Colleague: 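Please find one structure pasted underneath; my questions will follow.
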Amino acid sequence: MDHGVRDPDRLGTVRLPGGRTLGWAEWGPRDGRPVLFFSGAAMGRGLGFGGGAPARLGVRLIAVERPGIGASEPEPGRSLADWPGDVRGLAEGLGLGAFSIVGFSQGAPFVLACAAAGVCAAAAVVSGQDDLGSPALAGLLDPGVAGMIQAARADPAGFEAAVADDADAESMWRLVAAGSSPTDLAVYTEPAFAAAYRACLAEGFAQGPGGYARDLALCFGRWPMDLGAIGVPVDLWYGALDTSPVHSPDHGAALAARIPAARRHLLPDAGGSLLWTHSDRVLAALLERADEGQPAVPSP
């Protein structure tokens, strides 16, 4: 089955005002409506989504690698609050004007940081991680994940170092497979998809485990953004068959309640891989949401 895996149409880097570079990959027309894609844990820029959907919908889909991942230079000591500034710099460097964002899995907190900063016109969180230390989720977490959250918040530096000691592309692949439902395994282990996903993980660890370890420490730590202050439209997409212990234990219900402009979609026949099984629906809804309000243009 074709799950929309395509090689990027274009690859490149952007130099930010501070001198660091961010890696990116693009699909779709150069003059399409810009949609940034923040992928999941340790994923490089090479795995997009949607197949021909960006071309059909007139979308310029741009996968952006976070610092220390793939071709993006590390930023020691970075926080979630730093990411919107990087995204503004990327948008300026690529001449994007107004844009929207899709975030998958561990990309969710980075999307929400941008939404809280008013950087984007609209946002879509797909199978996204919630703030797993939120009191609203107490008692719902897998015990192993709850222990990791506690460790990340008690000793952030020690947690990050411990993650970096054990993480690589192969262990990440095994971790994803172990936490996936049969519905998701059917997607992730399909030969073309598995090859692209594993290549994307190898790309993500090209500089070593530091970028992923920092991402995980930030996402499991205390989120600095005020979700209640988000004013741009946000769609939250979850599959009822998603069994990942590190996404959202209640499929985004508590997260939606904390974001005033959120609209939650729970698809009964989908799993955590819904970004690749329902791509057109996610992108079409995002474009509609962006049209609802005033487009956001990055400020200097």
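Residue numbers start at 1 and run along the sequence shown. This structure is a prediction, so every number in the text was calculated from the model and none was measured.
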Colleague: Indicate yes or no for a side-chain donor-acceptor contact from Trp27 to the backbone of Arg6 under 3.5 Å, with no hydrogens or angles considered.
Modeller: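 A pair under 3.5 Å: yes.
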Colleague: Okay, side chain of Ser72, backbone of Gly68: is any donor-acceptor separation there less than 3.5 Å?
Modeller: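 Checked: no pair found.
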Colleague: With a 4.5 Å limit on heavy-atom distance, are the side chains of Leu236 and His265 in contact?
Modeller: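 A side-chain contact under 4.5 Å is absent here.
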Colleague: Following the transitive rule for hydrophobic clusters with a side-chain heavy-atom cut-off under 4.5 Å over Ile, Leu, Val, Met, Phe, Trp and Tyr, establish whether Val35 and Leu22 coincide in one cluster.
Modeller: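 Not linked; separate clusters.
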Colleague: Determine whether Met43 and Glu65 make a side-chain contact, defined as any pair of heavy atoms from C-beta on separated by less than 4.5 Å.
Modeller: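 In short, these two side chains do not touch, never coming nearer than 4.5 Å.
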Colleague: Honestly curious: do Val125 and Leu274 fall in one hydrophobic cluster under the side-chain, below-4.5 Å linking rule?
Modeller: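 Cluster IDs for Val125 and Leu274 differ.
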Colleague: Tell me the closest heavy-atom pair linking Ala177 and Leu185, and the distance in Å.
Modeller: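 So the minimum-distance heavy-atom pair works out to O-CD2, 3.8 Å.
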Colleague: Measuring from atom CZ of Arg15 to atom CG of Leu90, what distance do you get when rounded to the nearest 0.5 angstrom?
Modeller: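 If I round to the nearest 0.5 Å, the distance is 13.5 Å.
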Colleague: Got a sec: does the CD of Gln150 have more than 12 other heavy atoms crowding it under 6.0 Å?
Modeller: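 At most 12 heavy atoms, drawn from other residues, nucleotides or ligands, come within 6.0 Å of this atom.
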Colleague: Shortest non-hydrogen contact from Asp130 to Arg258?
Modeller: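 Closest pair (atom of Asp130, atom of Arg258, distance): OD1-NH2, 2.5 Å.
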Colleague: Would you confirm whether Gln106, through its side chain, and Cys219, through its main-chain N or O, come within 3.5 Å as a donor-acceptor pair?
Modeller: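 Not a single qualifying donor-acceptor pair exists.
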Colleague: Show the numbers, then the answer: is there a side-chain contact (heavy atoms from CB on, under 4.5 Å) between Cys114 and Phe38?
Modeller: CA-CA 11 Å; Cys114 287; Phe38 302 166; 4.0 Å; yes
Colleague: According to a 4.5 Å side-chain heavy-atom criterion applied to Ile, Leu, Val, Met, Phe, Trp and Tyr, with indirect links allowed, do Leu140 and Val246 form part of one hydrophobic cluster?
Modeller: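 Yes, Leu140 connects to Val246 through the hydrophobic network.
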Colleague: Do His3 and Thr277 meet the criterion of a side-chain donor-acceptor pair at a distance under 3.5 Å?
Modeller: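 On atom types as modelled, these side chains do not qualify, holding no pair under 3.5 Å.
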Colleague: Would Arg153 and Asp131 pass as an ion pair if we require N to O under 4.0 Å?
Modeller: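 Yes, charged N to carboxylate O under 4.0 Å.
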Colleague: Do Arg10 side-chain atoms and Gly28 backbone N/O form a donor-acceptor pair below 3.5 Å?
Modeller: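 The answer is yes, because a donor-acceptor pair under 3.5 Å joins these two groups.
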Colleague: Who passes ring pair (Phe, Tyr, Trp, His ring centres under 6.0 Å) against Phe159, sequence neighbours left out?
Modeller: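 Not a single residue meets the ring pair (Phe, Tyr, Trp, His ring centres under 6.0 Å) criterion with Phe159.
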Colleague: Does a side-chain N-to-carboxylate-O contact under 4.0 Å join Arg88 and Glu92?
Modeller: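 No, this pair does not count.
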Colleague: Specify the closest pair of heavy atoms between His251 and Asp242, including all atoms of both residues, with the distance to one decimal.
Modeller: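 Shortest heavy-atom separation between His251 and Asp242 comes out as NE2-O, 3.3 Å.
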Colleague: To the nearest 0.5 Å, what is the distance between CG on Leu61 and CD on Glu26?
Modeller: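 These two atoms lie 9.0 Å from each other.
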Colleague: Decide whether a cation-pi geometry holds between Arg66 and Phe110; the criteria are a distance under 6.0 Å from NZ or CZ to the six-membered ring centre and an angle within 45° of the ring axis.
Modeller: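 Yes, Arg66 lies over the aromatic ring of Phe110.
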Colleague: Quick one: do Phe104 and Leu241 end up in the same hydrophobic cluster if we chain Ile, Leu, Val, Met, Phe, Trp and Tyr together by side-chain heavy atoms under 4.5 Å apart?
Modeller: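 No, no single cluster joins them.
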Colleague: Is any side-chain N of the basic residue among Arg20 and Asp86 closer than 4.0 Å to the acidic one's carboxylate O?
Modeller: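 The answer is yes: the pair qualifies as a salt bridge.
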Colleague: More than 12 heavy atoms of other residues, nucleotides or ligands under 6.0 Å from CG of Asp7: is that the case?
Modeller: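 Result for CG/Asp7: open.
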Colleague: Hey, what do you get for OG (Ser171) to CG (Asp166), rounding to the nearest 0.5 Å?
Modeller: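 Between Ser171 OG and Asp166 CG, I get 7.5 Å after rounding to 0.5 Å.
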Colleague: Counting only N and O atoms by type, is there a donor-acceptor contact under 3.5 Å from the side chain of Asp291 to the main-chain atoms of Glu288?
Modeller: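 No: the side chain of Asp291 does not pair with the backbone of Glu288.
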Colleague: Among Val234, Leu227, Leu137, which one satisfies side-chain contact (heavy atoms from CB on, under 4.5 Å) with Leu255?
Modeller: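 The option that passes is Leu227.
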Colleague: Considering only heavy atoms from C-beta outward, does the side chain of Pro67 approach that of Asp215 to under 4.5 Å?
Modeller: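 Pro67 vs Asp215: side chains apart.
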Colleague: With the 4.5 Å side-chain cut-off for hydrophobic clustering, are Tyr238 and Ile230 part of the same group?
Modeller: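 Cluster IDs for Tyr238 and Ile230 match.
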Colleague: Between Asp142 and Pro245, is there a donor-acceptor pair closer than 3.5 Å when you use the side chain of the first and the backbone of the second?
Modeller: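 Not at all, since once roles are kept as given, no pair shorter than 3.5 Å links the two residues.
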Colleague: Identify, with sequence neighbours excluded, every residue that meets side-chain contact (heavy atoms from CB on, under 4.5 Å) alongside Ala285.
Modeller: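 Scan of Ala285 (side-chain contact (heavy atoms from CB on, under 4.5 Å), adjacent residues dropped) gives Asp235, Trp237, Arg263.
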Colleague: For the CZ atom of Arg60 and the CG atom of Leu96, what is their distance to the nearest 0.5 Å?
Modeller: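 Reported value, rounded in 0.5 Å steps: 5.5 Å.
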Colleague: Any donor and acceptor pair, going by atom type alone, linking the side chain of Arg214 with main-chain N or O of Arg78 inside 3.5 Å?
Modeller: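 The answer is yes, because a donor-acceptor pair under 3.5 Å joins these two groups.
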Colleague: With heavy-atom distances below 4.5 Å as the criterion, would you say the side chains of Arg281 and Leu267 are in contact?
Modeller: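 The answer is yes, as the side chains (C-beta and beyond) meet within the 4.5 Å cut-off.
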Colleague: Can you tell me how far the CG atom of Leu112 sits from the CD atom of Gln129, to the nearest 0.5 Å?
Modeller: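 Leu112 atom CG to Gln129 atom CD measures 10.5 Å (nearest 0.5 Å).
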Colleague: Test of understanding: with side chain to side chain donor-acceptor pair (under 3.5 Å), list the residues that count as partners of Thr13, not counting sequence neighbours.
Modeller: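 Side chain to side chain donor-acceptor pair (under 3.5 Å) check on Thr13 returns nothing, list empty.
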Colleague: Just grab all the ring pair (Phe, Tyr, Trp, His ring centres under 6.0 Å) pairs involving residues 49-75, residues at least two apart or on different chains.
Modeller: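 Those involving residues 49-75 are Phe37-Phe49.
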Colleague: Please find the pair of heavy atoms, one from Pro29 and one from Pro54, that lie closest to each other, and give the distance.
Modeller: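 That would be CD-O, 3.9 Å.
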Colleague: Any non-hydrogen side-chain atom of Leu286 less than 4.5 Å from a side-chain atom of Val102?
Modeller: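 Counting from C-beta outward, Leu286 and Val102 do come under 4.5 Å.
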Colleague: With Arg45, which residues qualify under side chain to side chain donor-acceptor pair (under 3.5 Å), at least two apart?
Modeller: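 With neighbours one apart ignored, the set is empty.
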Colleague: Has the side chain of Trp276 got a donor or acceptor atom that lies under 3.5 Å from a matching backbone atom of Gly48?
Modeller: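 At least one qualifying donor-acceptor pair exists.
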Colleague: Minimum heavy-atom separation for Ala167 to Pro209, with atom names?
Modeller: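 Looking at all heavy atoms of both residues, the closest pair is O-CB, 3.7 Å.
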Colleague: Does any part of the side chain of Pro8, heavy atoms only, come nearer than 4.5 Å to the side chain of Trp24, both counted from C-beta?
Modeller: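 Heavy-atom side-chain distance check fails, nothing below 4.5 Å.
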Colleague: List for me each residue that meets side-chain contact (heavy atoms from CB on, under 4.5 Å) alongside Val5, sequence neighbours excluded, and say none if there are none.
Modeller: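 Testing Val5 for side-chain contact (heavy atoms from CB on, under 4.5 Å), a comparison that skips the adjacent residues, returns Leu47, Phe193, Ala196.
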Colleague: Could you report the tightest heavy-atom contact between Ala91 and Phe99, atom names first, then the distance?
Modeller: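 Result for this residue pair: CB-CE2, 3.6 Å.
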Colleague: Check for me whether the distance between the ring centres of Tyr197 and Trp173 falls short of 6.0 Å.
Modeller: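 Distance test on ring centres: under 6.0 Å, yes.
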Colleague: Out of curiosity, His278 NE2 to Ser273 OG, how far, rounded to the nearest 0.5 Å?
Modeller: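 Separation between the atoms: 9.0 Å.
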